[in-house]
2 protein chains.
Amino acid sequence: MATVATRTAPFLSLPPVPRYERLKRLAERFPQLDMSAIQTCIAMLHLSHELTGAYDAHLARHGLSMGRFVVLIRLFSTEEVEDGRGLTPAELAESSCVSRATMTGLLDTLEKDDLISRQDHPEDRRMYTVKLTAKARKLLDGMLPDHYRRISALMAPLSEAERTTLQELMTKVSSGIPALRDP
Amino acid sequence: MATVATRTAPFLSLPPVPRYERLKRLAERFPQLDMSAIQTCIAMLHLSHELTGAYDAHLARHGLSMGRFVVLIRLFSTEEVEDGRGLTPAELAESSCVSRATMTGLLDTLEKDDLISRQDHPEDRRMYTVKLTAKARKLLDGMLPDHYRRISALMAPLSEAERTTLQELMTKVSSGIPALRDP
DNA sequence: CGAATTTAGTTAGGTCCCTTATTGTATGGC
DNA sequence: GCCATACAATAAGGGACCTAACTAAATTCG
């Protein structure tokens with residue numbers, strides 16, 4: 001019962017035991033294990049991995065990473081609404097969900113690639129203002145139609161109602177995250 | 001209409017324009033933009049970021065990262081079902097969704113921490129077999145009850161029916177990923 | 001057999017992001 | 001006015017993961 005069978009065949013060339021079987025065995029040993037919770041959690045982590053991988057691969061074809069793209073699109077959509085408005089590194093870090101130190105690095109390479117410029121802040125010499133360059137506007141103008149088509153295609157399998165449901169369910173999961181994280 | 005108002009107040013201390021407003025403006029300019037698709041996609045990326053962050057923070061308290069934990073749990077659940085069965089680096093890489101090169105690095109540090117051992121493969125001298133050490137079994141035995149409670153708590157806001165729905169919706173999103181990734 | 005191909009694991013080098021100091025500037029109480 | 005405090009950005013160092021190039025062993029096939 002503990003082993004599958006006496007093995008005469010090559011040691012490691014047996015077909016792997018399916019994940020479901022292994023999980024069930026663990027559930028017998030650990031009564032705290034909630035099988036549907038684990039399965040849903042693994043599915044989320046898996047999708048998250050696939051999604052960010054696909055996103056990165058797509059952006060890489062334009063010389064961008066997720067972090068770089070978020071910075072550019074944030075600046076782009078801000079100047080679209082408030083003409084001439086730039087943002088500080090701290091504002092960009094917050095809206096990009098990265099640390100300020102990481103934002104410094106992102107801005108360094110974006111500036112090196114002539115996609116953003118740093119300009120003195122008129123009122124506080126600790127800060128500066130970040131603005132898009134003409135090159136960056138051109139890059140975004142060129143790539144965004146295709147980009148938006150791709151996001152639309154990604155979500156095409158879901159109806160409007162399903163998108164709403166998905167967002168609601170994700171909000172519920174989000175509310176459980178502190179229970180996973182906190183000491 | 002292009003600017004919000006004539007600005008006399010400090011340049012950057014205005015409240016930021018909400019994301020929804022900025023998105024609407026972009027949608028006017030780019031007809032390909034599907035607002036509900038973007039919003040759902042951003043929500044997924046955001047949840048993914050929160051979830052992996054929380055997971056990492058939790059595992060870090062046991063000296064583990066996501067990659068290290070997945071390797072250990074895979075070995076643990078395999079030897080639970082097939083006593084004495086080890087896995088090759090290639091099998092571990094595949095089931096952990098990392099490259100073989102990354103697996104080499106993970107195994108190096110796990111071995112240094114005396115959590116796994118590398119043993120000669122009986123039949124193929126290119127490979128070796130990875131096994132848990134007693135120390136690793138003790139670590140997992142100690143941490144898994146709490147770990148499973150945390151996953152259970154994470155998913156507690158969702159009923160069984162909601163978990164099933166969430167998995168179905170995620171499967172649909174997953175089917176759209178090639179459309180995002182492919183050239 | 002023995003050369004060519006395939007496969008397993010590793011090494012080298014790079015990207016992205018993190019945390020933890022450090023430096024320079026602003027601010028508020030004495 | 002001046003000092004302690006707070007805050008913005010940066011530098012230094014580290015972890016996780018990737019791809020591409022390499023080494024060694026096994027397999028295929030003329």
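Residue numbering restarts at 1 for every chain, and letters A, B, ... go by the order of the sequence lines.
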Student: Report the residue from Asp108(B), Thr88(B), Val98(B) that forms a side chain to side chain contact (heavy atoms under 4.5 Å, CB included) with Met103(B).
Tutor: Val98(B)

Student: The side chain of Ala101(B) lies closest to which of these nucleotides: dT19(C), dA20(D), dG9(C)?
Tutor: dA20(D)

Student: Can you tell me if the side-chain N/O atoms of Thr104(A) get under 4.0 Å from OP1 or OP2 in dA9(D)?
Tutor: no

Student: With sugar-phosphate meaning primed atoms plus P, OP1 and OP2, does Ala90(B) contact a base, only sugar-phosphate, or nothing at under 4.0 Å between heavy atoms?
Tutor: sugar-phosphate

Student: How many Å lie between CG on Leu110(B) and P on dT10(C), as a whole number?
Tutor: 13 Å

Student: Leu45(A) has an atom CG; how far is it from atom P of dC17(D), in whole Å?
Tutor: 12 Å

Student: I'd like to know if the side chain of Arg118(A) pairs up with that of Thr129(A) as donor and acceptor (distance under 3.5 Å, no hydrogens or angles considered).
Tutor: no

Student: Output the rounded distance in Å from CZ (Arg100(A)) to P (dT20(C)).
Tutor: 16 Å

Student: Under 4.0 Å between a side-chain N or O of Tyr128(A) and OP1 or OP2 of dG24(C)?
Tutor: no

Student: Report the distance from atom CE of Met66(B) to atom P of dC16(C), rounded to the nearest whole Å.
Tutor: 22 Å

Student: Below 4.0 angstrom from OP1 or OP2 of dA8(C), is there any side-chain N or O of Arg118(B)?
Tutor: no

Student: Between Thr102(A) and Gly105(B), which has a closest nucleotide on DNA chain C that is more 5'?
Tutor: Gly105(B)

Student: In whole angstrom, what separates Glu123(B)'s CD from dT27(D)'s C1'?
Tutor: 15 Å

Student: Provide, to the nearest angstrom, the distance between the CG atom belonging to Asp124(B) and the P atom belonging to dT27(D).
Tutor: 6 Å

Student: Looking at Ser159(B), is its backbone amide N or carbonyl O close enough to the side chain of Glu162(B) to form a donor-acceptor pair, meaning the two atoms are under 3.5 Å apart?
Tutor: yes

Student: How would you label the contact of Arg125(B) with the nucleic acid (heavy atoms, under 4.0 Å): base, sugar-phosphate, or nothing?
Tutor: sugar-phosphate

Student: Starting at NE2 of His121(A) and ending at C1' of dG24(C), how long is that distance when rounded to a whole Å?
Tutor: 16 Å

Student: Quick check on DNA chain D: between His49(A) and Leu107(A), whose nearest nucleotide comes earlier from the 5' end?
Tutor: Leu107(A)

Student: I need the minimum non-hydrogen distance between Arg150(A) and Leu180(B), along with the two atoms involved.
Tutor: NH1-O, 2.8 Å

Student: Roughly, in whole Å, what's the span from CG in Leu106(B) to C1' in dG9(C)?
Tutor: 14 Å

Student: On the nucleotide dC18(D), are OP1 or OP2 found under 4.0 Å from the side-chain N or O atoms that Ser99(B) carries?
Tutor: yes

Student: Take atom CZ of Arg19(B) as the centre, draw a 6.0 Å sphere, and report whether it contains more than 12 heavy atoms from other residues, nucleotides or ligands.
Tutor: no

Student: Base, sugar-phosphate, or nothing for Ser65(A), non-hydrogen atoms under 4.0 angstrom?
Tutor: sugar-phosphate

Student: Nearest to the side chain of Arg126(B), heavy atoms from C-beta on, is which of dT7(C), dA12(C), dA9(D)?
Tutor: dT7(C)

